[in-house]
Chemist: 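Here it is: the structure, laid out below.
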Amino acid sequence: MFDAQCDLAALVYDKDQDPDAVLHTFAADLSKQGIRAVGLVQLGHREFDVPKLTAVMLHTGAQVRLFQDLGPGAKGCKLDVGQLLDAGTQVADAIDEGADLVIINRFGKQEREGKGLAYLIERALSSDIPVVIAVPSHRLAEWIAFADGMSVKLHCDRESLDGWWAKVSCRSEGLMRQDHRSVCEVLK
C-alpha cells in the first residue's frame with residue numbers, strides 16, 4: 001500500500017498528552033514560513049463528560065463539527081462519519097491544489113478499518129507529500145499493521161516533530177532542485 005521511500009510519520013501519544021496542540025502549533029508555524037500544510041486537526045474537548053469533537057481545516061481555518069448528538073443514553077458511535085468524510089473530500093481537494101505536508105488528526109477506529117481519512121494517506125504519499133498522523137499508543141500495533149511497518153514513530157512533542165520535518169523538507173528540497181523529480185522517484 002505504501003512506498004517504503006516516502007515519508008509517513010506517526011505522532012504517538014499517551015492519554016495524558018495533547019497531540020492536537022502539538023500538530024496545530026506545528027502547522028501554524030509552518031504556515032508562517034510559507035509552507036502549505038493541509039489536513040485536519042481535532043479540537044476535542046469535554047462538556048459535562050460528553051465529548052464534543054470539532055476539528056479545524058488547516059488550509060482554510062474552517063471548523064468542522066465531528067460529533068453527532070445521539071441524545072441522552074445513546075450508546076452508538078458519536079462520530080459523525082458524514083462530516084468526517086466531507087472534511088476528507090476538502091482535504092483531498094487541497095492536496096490536489098498542492099501541499100507540502102498532510103496532517104491527519106487521528107488514527108482511529110474508522111482509519112483502522114481502512115475507512116475515514118485513511119485514503120488521504122495513500123493519496124498524499126502517491127503525490128510524494130509527507131504525512132504525519134496522531135496515533136494513540138494503545139493503537140500503535142494496529143498502526144504498524146495498517147502502514148505495513150513503513151512509518152517513522154515520533155514522540156508527541158515539537159522537538160521530535162520538528163526534527164522529522166527538518167530531515168524530510170531538507171531532503172525533498174535538495175532532491176527536487178537536482179532534477180525536478182519527486183523524492184520517491186529519485187530514491188527508487
Side-chain angles (χ1 to χ4, degrees), residues 1-12 19-20 22-42 55-62 64 66 81 83-108 110-135 142-154 160-188:
M1 180 179 203
F2 302 111
D3 188 316
Q5 300 300 326
C6 290
D7 295 291
L8 176 61
L11 187 73
V12 180
D20 306 321
V22 173
L23 290 171
H24 191 73
T25 58
F26 176 66
D29 290 346
L30 290 179
S31 180
K32 289 176 190 172
Q33 298 170 36
I35 297 167
R36 188 164 191 255
V38 303
L40 192 67
V41 174
Q42 192 168 303
V56 64
M57 304 293 288
L58 296 173
H59 46 285
T60 65
V64 179
L66 298 176
V81 177
Q83 285 287 76
L84 181 66
L85 294 177
D86 181 56
T89 299
Q90 293 177 51
V91 173
D93 291 344
I95 290 170
D96 292 345
E97 293 169 9
D100 298 309
L101 173 68
V102 174
I103 298 176
I104 308 292
N105 67 309
R106 288 284 193 282
F107 180 71
Q110 293 289 317
E111 289 73 24
R112 184 181 71 216
E113 296 172 354
K115 301 175 185 172
L117 302 180
Y119 74 99
L120 294 174
I121 297 168
E122 186 174 1
R123 186 178 195 135
L125 294 177
S126 294
S127 298
D128 298 324
I129 302 169
V131 176
V132 63
I133 184 170
V135 177
E142 295 167 338
W143 166 255
I144 292 169
F146 174 85
D148 203 20
M150 295 185 207
S151 74
V152 177
K153 178 184 174 190
L154 303 176
S160 295
L161 191 54
D162 288 339
W164 170 78
W165 176 250
K167 290 175 186 172
V168 169
S169 60
C170 286
R171 187 175 68 221
S172 295
E173 287 174 14
L175 292 172
M176 295 299 281
R177 263 187 259 126
Q178 284 178 2
D179 54 11
H180 302 288
R181 294 185 302 161
S182 70
V183 173
C184 290
E185 289 172 333
V186 172
L187 293 175
K188 286 184 182 176

Chemist: Do the side chains of Glu97 and Arg36 get nearer than 4.5 Å, heavy atoms only?
Modeler: yes
Chemist: Has the side chain of Tyr119 got a donor or acceptor atom that lies under 3.5 Å from a matching backbone atom of Gly88?
Modeler: yes
Chemist: Would you say Val64 and Met57 make side-chain contact, with heavy atoms under 4.5 Å?
Modeler: yes
Chemist: Minimum heavy-atom separation for Leu58 and His24, please, with both atom names.
Modeler: CD2-ND1, 4.3 Å
Chemist: Going through the distances and angles, do Arg106 and Ile133 end up as a side chain to side chain contact (heavy atoms under 4.5 Å, CB included)?
Modeler: CA-CA 6 Å; Arg106 288 284 193 282; Ile133 184 170; 5.8 Å; no
Chemist: Can you find a pair of side-chain heavy atoms, one from Leu11 and one from Trp164, that are under 4.5 Å apart?
Modeler: no
Chemist: List the atom of Ser160, the atom of Leu154, and the distance in Å for their closest heavy-atom pair.
Modeler: O-CD2, 3.9 Å
Chemist: Mind running side-chain hydrogen bond (donor to acceptor under 3.5 Å, both in side chains) on Gln90 and Asp86 for me, showing each step along the way?
Modeler: CA-CA 7 Å; Gln90 293 177 51; Asp86 181 56; 3.2 Å; yes
Chemist: Do Trp165 and Asp29 have side chains that get closer than 4.5 Å, going by heavy atoms?
Modeler: no
Chemist: Say you draw a straight line from CD1 of Ile129 to CD1 of Ile121; how long is it, rounded to the nearest 0.5 Å?
Modeler: 13.0 Å
Chemist: List the atom of Ala37, the atom of Ala27, and the distance in Å for their closest heavy-atom pair.
Modeler: CB-CB, 4.4 Å
Chemist: Given Asp96 and Arg123, is the side chain to side chain contact (heavy atoms under 4.5 Å, CB included) satisfied, shown in steps?
Modeler: CA-CA 9 Å; Asp96 292 345; Arg123 186 178 195 135; 2.7 Å; yes
Chemist: Any non-hydrogen side-chain atom of Trp143 less than 4.5 Å from a side-chain atom of Val12?
Modeler: no
Chemist: With a 4.5 Å cut-off on side-chain heavy atoms, are Val152 and Asp7 touching?
Modeler: no
Chemist: Taking the side chain as C-beta and beyond, is there a heavy-atom pair between Leu23 and Leu161 under 4.5 Å?
Modeler: yes
Chemist: Measuring from atom CG of Leu101 to atom OG of Ser31, what distance do you get when rounded to the nearest 0.5 angstrom?
Modeler: 11.5 Å
Chemist: Could you point out which residue of Ile95, Leu125, Ile103 forms a side chain to side chain contact (heavy atoms under 4.5 Å, CB included) with Leu120?
Modeler: Ile95
Chemist: Parallel, tilted or perpendicular: which describes the rings of Phe146 and Phe107, with under 30° parallel and over 60° perpendicular?
Modeler: tilted
Chemist: Given 3.5 Å as the limit, does a donor-acceptor pair link the side chain of Glu111 with the main chain of Leu117, or not?
Modeler: yes
Chemist: Measure the shortest side-chain to side-chain distance between His59 and Val91 over non-hydrogen atoms and say whether it is less than 4.5 angstrom.
Modeler: yes
